[in-house]
Protein chains: 2
Amino acid sequence: MNVRTICLAILFDGETTGYDIRKQSTEGEYAYFVEASYGSIYPALAKLEQDGLVTSRVEEQKGRPARKVYSITETGRRVLLDSLFEPLVDDSYRCEFLLFARFASELPAALVEKRIAERICAVEAHVSNLEELEERDLKPTERWILDYGLASLRQHRKYLIEHKDELVALAQPEAAQAAQ
Amino acid sequence: MNVRTICLAILFDGETTGYDIRKQSTEGEYAYFVEASYGSIYPALAKLEQDGLVTSRVEEQKGRPARKVYSITETGRRVLLDSLFEPLVDDSYRCEFLLFARFASELPAALVEKRIAERICAVEAHVSNLEELEERDLKPTERWILDYGLASLRQHRKYLIEHKDELVALAQPEAAQAAQ
DNA sequence: TCGCACATGTAACGTGTTACATGATTAG
DNA sequence: CTAATCATGTAACACGTTACATGTGCGA
């Protein structure tokens, strides 16, 4: 799954701009399992237009930069749907916190405690974000994937809260040490 | 976290070869949150040696290709540990299955059912792999991260089994259709 | 006898990020 | 008055994957 596919997927439900696609992929429903930046989205949209999978029209606005609104074409729809018949590629998960945790025994307890707290915080923010989205009017499949994400995230939170002390106990009990 | 860091992390616990580092990062304890291929590991090790963070020695073997055994240096240890004091970068999670699920309503039920079954299978294989590792003699921090991974993976499995029918119900009930 | 495990490495390629350039409006 | 939001786009760069090249021994 590349940025091209993400653009097509988001445009499948209605026209938008590159700016908005990025928002949806970092704050919206897709944020849980995907992420993309302007530097990849704009070129992807240009390429999609070249290939006839989307079309665009420029909308002037007063006092704001003009927006370039993209719409998916019939070909675009078919290409996206067809691609979903292909075998799925495996998930990729990169987590620096686990590498950090792996070396907890070499690090000061205060730092370990701080990083766990930060992680719990980040997970909680993510949960809140998804909970907010759940309030909205969603299609059933949207709700299903959101529920999946929430279940997973809540489990992370639970695990971290229940087991944080074990990890801190493995760290270096330095007498007086400020974490960074 | 890049491949360079992963190499350093694995070498922290003892000398090995590039070949083995890849194995550990795809089958071993690290596999849950990281993955790397030869094409990135070998150049990374060469660079690390240039920078004096690791050293190497060639071990001839009878009837087998010679192995190049890398060891971490004191500088290497310090560099790795120092890097763990830096703020952690956010997790990245890419999941094509969720994109697929998002479009379940446009796809034949047989296909949706098949893909969920495959996913459950993949998760189960992953769980088995980690359970096997748990049997081994592990350091406490290794056990902690493995338990974290297992908890997460088991939760995925549970969710999928309990909610798969809901997703299938949203798909296209095509009378007679072979999934691919 | 076929293919896998062992073992290292390079080159081409794909893909995405970061930083930069530009600039008005609005909310705090 | 300062920062964020809206809005598009490019260029340099970092990073990693895939495929290729090479070759032996062992188990099914």
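Because the structure is predicted, anything quoted here is derived from the model rather than measured. Hydrogens, waters and symmetry mates are skipped; everything else that's a heavy atom, side chains included, is used. In what follows, chains are A, B, ... by sequence order, proteins preceding strands, each numbered from 1.
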Phosphate oxygens OP1/OP2 of C/dG16: is one of them under 4.0 Å from a side-chain N or O of B/Arg94? yes

For D/dT17, does OP1 or OP2 lie under 4.0 Å from any side-chain N or O of B/Ser40? yes

Length of the line joining [X]:[atom1] and [N]:[atom2], which is rounded to integer Å:
| X | N | atom1 | atom2 | value |
| --- | --- | --- | --- | --- |
| A/Tyr38 | D/dT8 | OH | P | 8 Å |
| B/Lys68 | C/dT10 | NZ | C1' | 13 Å |
| A/Leu48 | D/dG9 | CG | P | 13 Å |
| A/Lys23 | D/dA7 | NZ | P | 9 Å |
| A/Arg22 | D/dT5 | CZ | C1' | 11 Å |
| A/Gln61 | D/dC6 | CD | P | 11 Å |
| A/Glu27 | D/dT5 | CD | C1' | 11 Å |
| B/Arg64 | D/dT22 | CZ | C1' | 17 Å |

How is [X] classified with respect to the nucleic acid when contacts are heavy atoms under 4.0 Å: base, sugar-phosphate, or nothing?
| X | answer |
| --- | --- |
| A/Ala66 | sugar-phosphate |
| A/Lys47 | nothing |
| B/Arg4 | nothing |

Given [options], identify the nucleotide with an atom nearest to the side chain of [X].
| X | options | result |
| --- | --- | --- |
| A/Ser37 | C/dT8, C/dT18, D/dT18 | C/dT18 |
| B/Pro65 | D/dA7, D/dG16, D/dG23 | D/dG23 |
| A/Tyr19 | D/dT8, D/dG16, C/dA5 | D/dT8 |
| B/Thr17 | C/dT8, D/dT10, D/dC15 | C/dT8 |

Is NZ or CZ of A/Arg77 both nearer than 6.0 Å to the six-membered ring centre of A/Phe12 and within 45° of the ring axis?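 Ring-cation test returns yes.
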
So which one's nearest nucleotide on DNA chain C is more toward 5', A/Met1 or B/Val69?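 So the residue in question is B/Val69.
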
First of B/Asp20 and A/Val3 reached from the 5' end of DNA chain C, by closest nucleotide: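 Its nucleotide being nearer the 5' end, the pick is B/Asp20.
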
Given DNA chain D, 5'-ward residue of the pair B/Glu35 and A/Tyr42, judged by closest heavy atom: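 In this pair, the answer is A/Tyr42.
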
Hey, can you tell me if B/Tyr38 and B/Tyr19 have their rings parallel, tilted or perpendicular (30° and 60° cut-offs)? parallel

Between [X] and [Y], a side-chain donor and acceptor under 3.5 Å:
| X | Y | result |
| --- | --- | --- |
| A/Asp20 | A/Thr17 | no |
| B/Ser25 | B/Glu35 | no |
| B/Tyr148 | A/His156 | yes |

